[in-house]
2 protein chains.
Amino acid sequence: MKILLHPDKADIHLSSVLYALSDPVRLSIISEVRKAGECTCGNIEVPVVKSTLSHHARTLREAGVVKVRVQGTQRFLSLRTDDLEERFPGLLASVLDAYDTSDEKITLSHLE
Amino acid sequence: MKILLHPDKADIHLSSVLYALSDPVRLSIISEVRKAGECTCGNIEVPVVKSTLSHHARTLREAGVVKVRVQGTQRFLSLRTDDLEERFPGLLASVLDAYDTSDEKITLSHLE
DNA sequence: TTAATAGTTCGATTGTTGTCGAACAATAGA
DNA sequence: TCTATTGTTCGACAACAATCGAACTATTAA
């Protein structure tokens with residue numbers, strides 16, 4: 001089984017996290033992950049093909065935003081809430097709250 | 001005199017703001033602006049030439065992060081603290097606090 | 001063993017970004 | 001009017017990123 005690299009908490013960098021969060025598709029992903037607590041790539045509804053989704057999941061993982069747990073053929077994503085809170089207090093919550101109350105949310109209707 | 005375009009408060013978008021904040025040079029700029037309250041491009045110490053600095057200032061302005069006030073040949077930058085707080089409560093403060101307590105700060109020593 | 005499922009990786013394409021230097025514009029001061 | 005000073009714009013370049021489809025890997029189920 002392949003090892004998925006996650007940065008240590010101390011190696012999570014502000015600019016990388018902000019960059020990872022600056023893409024509408026990735027904002028949508030982490031918003032869904034927060035709601036579900038944990039979810040597989042297949043359960044995330046975003047208007048991109050799965051190779052693109054995989055790329056975004058990797059970006060989020062490598063930036064330290066999400067943790068990916070492997071179980072069988074599935075990968076469960078969850079937010080690194082505690083690590084992020086410790087490194088950047090309040091940041092993740094303010095981003096997620098802002099996203100959920102914004103009109104920037106993307107949905108499958110973007111495919112039409 | 002040229003008119004500098006600033007987005008209306010309602011047109012400030014989360015992903016654009018996060019993107020604008022995801023560059024180390026731009027983080028350094030807004031950190032200096034916060035400390036000074038208002039400052040000109042010339043007073044900002046970043047390890048880039050002035051055309052690059054001008055480009056970053058424009059990115060921050062167009063994202064809605066800073067306001068630029070023209071006085072003579074100088075442009076005074078200030079943070080759009082109130083607008084950002086209203087749109088994305090807590091976001092700017094958490095980013096600036098995280099930056100100032102991080103070890104990611106860039107200085108002129110990066111030129112050496 | 002075969003087939004289905006869940007994701008990843010790769011190559012290609014298209015577009016964006018950060019950077020610089022040179023040229024330009026606008027203002028202030030002598 | 002001449003000359004600094006301050007900053008913008010432009011062109012070029014190299015690096016990077018978002019996207020897709022196709023091929024691939026790994027696991028589970030039949």
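Quick note: numbers below take in every heavy atom, side chains included, and nothing from hydrogens, waters or symmetry partners. Letters go in sequence order (proteins before strands), and every chain restarts at 1.
- Under the 3.5 Å distance criterion, the side-chain polar atoms of A:Asp8 are left unmatched by any main-chain donor or acceptor of A:Ala10.
- For the pair A:Glu45 CD and C:dA6 C1', the interatomic distance rounds to 16 Å; values are reported in whole Å.
- Residue B:Tyr19 is in sugar-phosphate contact alone, with no base atom involved, counting any heavy-atom pair closer than 4.0 Å across all strands shown.
- Heavy atoms of A:Thr40 sit under 4.0 angstrom from primed sugar atoms or phosphate atoms, though from no base atom.
- Distances shorter than 4.0 Å separate none of the side-chain N or O atoms of A:Arg75 from OP1 or OP2 on D:dA26.
- Here B:Arg34 pairs with B:Asp97, B:Asp100 under the salt bridge (charged side-chain N to carboxylate O under 4.0 Å, His left out) rule; sequence neighbours left out.
- Rounding to whole angstrom units, CZ of residue B:Arg58 and C1' of C:dT17 are separated by 13 Å.
- Counting to the nearest Å, the C1' atom of C:dT17 and the CD atom of B:Glu62 are 13 Å from each other.
- Within the structure, every side-chain polar atom (N or O) of B:Ser54 is placed at least 4.0 Å from both OP1 and OP2 of D:dG7.
- Linking Ile, Leu, Val, Met, Phe, Trp and Tyr residues whenever their side-chain heavy atoms come within less than 4.5 Å places A:Ile12 and A:Leu79 in a single cluster.
- One atom, CG of A:Asp23, and another, P of D:dC16, lie 18 Å apart when rounded to the nearest Å.
- Atom pair A:Gln71:CD and D:dT28:P shows a separation of 9 Å (rounding to whole Å applied).
- The residue B:His55 sits close to a base: some heavy atom pair falls under 4.0 Å.
- Atoms SG and CZ, from B:Cys41 and B:Phe76 in turn, are 10.0 Å apart once rounded to the nearest 0.5 Å.
- Remark: side-chain polar atoms of A:Glu85 are paired, donor with acceptor, to backbone N or O of A:Gly90 under 3.5 angstrom.
- For a distance-only test at 3.5 Å, the side chain of B:Ser51 qualifies as a donor-acceptor partner of the base of C:dG21.
- Mapping B:Phe76 and A:Val25 onto DNA chain D by nearest heavy atom places B:Phe76 at the nucleotide closer to the 5' end.
- A:Val68 has its side chain within reach of A:His6: a pair of non-hydrogen atoms, C-beta onward, lies under 4.5 Å apart.
- Remark on the helix from C:dT1-D:dA30 to C:dA30-D:dT1: inter-end axis angle 20°, axes from five-pair C1' superpositions, rounded to 10°.
- A:His56 has no side-chain polar atom (N or O) that falls below the 4.0 Å cut-off from OP1 or OP2 of D:dA17.
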